[in-house]
Amino acid sequence: MFGIVPESCMPSTSTLIDIGINLGHDSFAADRESVIARAHAAGVAQMIITGASVSGSREALALARAAPGRQFATAGIHPHHAAELDEERLADIASLARQPEVVAVGECGLDYFRDLSPRAVQQRAFHQQLELAAQVGKPVFLHERDAHDDFVSIVREHRRGLVGGVAHCFTGSGAQLHRYLDLDLAIGITGWICDERRGAHLLALLPEIPAAALHLETDAPYLLPRDLKPRPASRRNEPMYLRHIAAVVAQARGETLEQLAAAATAASRALFRLPGE
Ligand SMILES: [Zn+2]
């Protein structure tokens, strides 16, 4: 896309935090320890493992407990699974959300692109999880796709009770970006920006995100950056590629990788109250 500094030329000292990694995904079952080791070698010192269902949130918590201080979890129900959020499962999510290794409620939100759960059901599950986040005093990890107006109005209703939140995997327009920033939401940037077909508008928006509101995530194993060279044969994304995403973000913002990494790490530690190293 444009002259990105090769990974091999970058100092490996800057610390990065992957705030959205689906480490419990089946595709990591066979080599999860190697994936984690490669991420650490690339400077990804901490990871927040996304929970998107009750079972997935339990698994994320177990992975977090296996690596205290380095791995953390979220607990929530993705809008795709909103129909599963009955009273019993809401109680399960609430008890998971109170665990110290769980640093955010979510992934929750609205997804009208796939509409895998009816919209009214998604909205109800979203309200319930925002209420839960307010009760437990933890930030929210938010998903929104093709549902911007409803999403904003629901978040606005709850915003005063929330300690904070991040619009994860932001891929929207400039107007949408500023509506999130006006709600004092943070913005999660993935390897979507490395896609010259779909990500060009986002690259142009990156300088408009205040440093204190910018977080980095891979969303692995999804969203493999399209411009990796060589391109991994597996097509599986891994947390080690966060370094590549960070380099692209830094270049687009006119910052060094070190500046960008330091700011994003500080922002993520502040929002999710993560310990330093
Ligand atoms: Zn998502």
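In what follows, residues are counted from 1 in the order of the sequence shown. Just so it is clear, the values below take in all heavy atoms, side chains as well, and ignore hydrogens, waters and symmetry mates. Order of appearance sets the numbers: ligands from 1, and atoms from 1 within every ligand.
At a cut-off of 2.8 Å, C169 does not coordinate the Zn ion (ligand 1) through any N, O or S atom.
Considering just the N/O/S atoms of H168, the one nearest the Zn ion (ligand 1) carries the name NE2.
Here R226 pairs with D195 in a salt bridge; the nearest charged N to carboxylate O distance falls below 4.0 Å. Electrostatic pairing of R159 and E157 does not count as a salt bridge here, judged by no charged N lying under 4.0 Å from a carboxylate O.
Remark: L116 engages H80, R114 in a side chain to side chain contact (heavy atoms under 4.5 Å, CB included) (not counting sequence neighbours).
The Zn ion (ligand 1) lies at the vertex of an angle of 90° between the OE2 atom of E107 and the ND1 atom of H143 (rounded to 10°).
One hydrophobic cluster, built from ILVMFWY side chains closer than 4.5 Å, cannot hold both L205 and V166; they sit in different ones.
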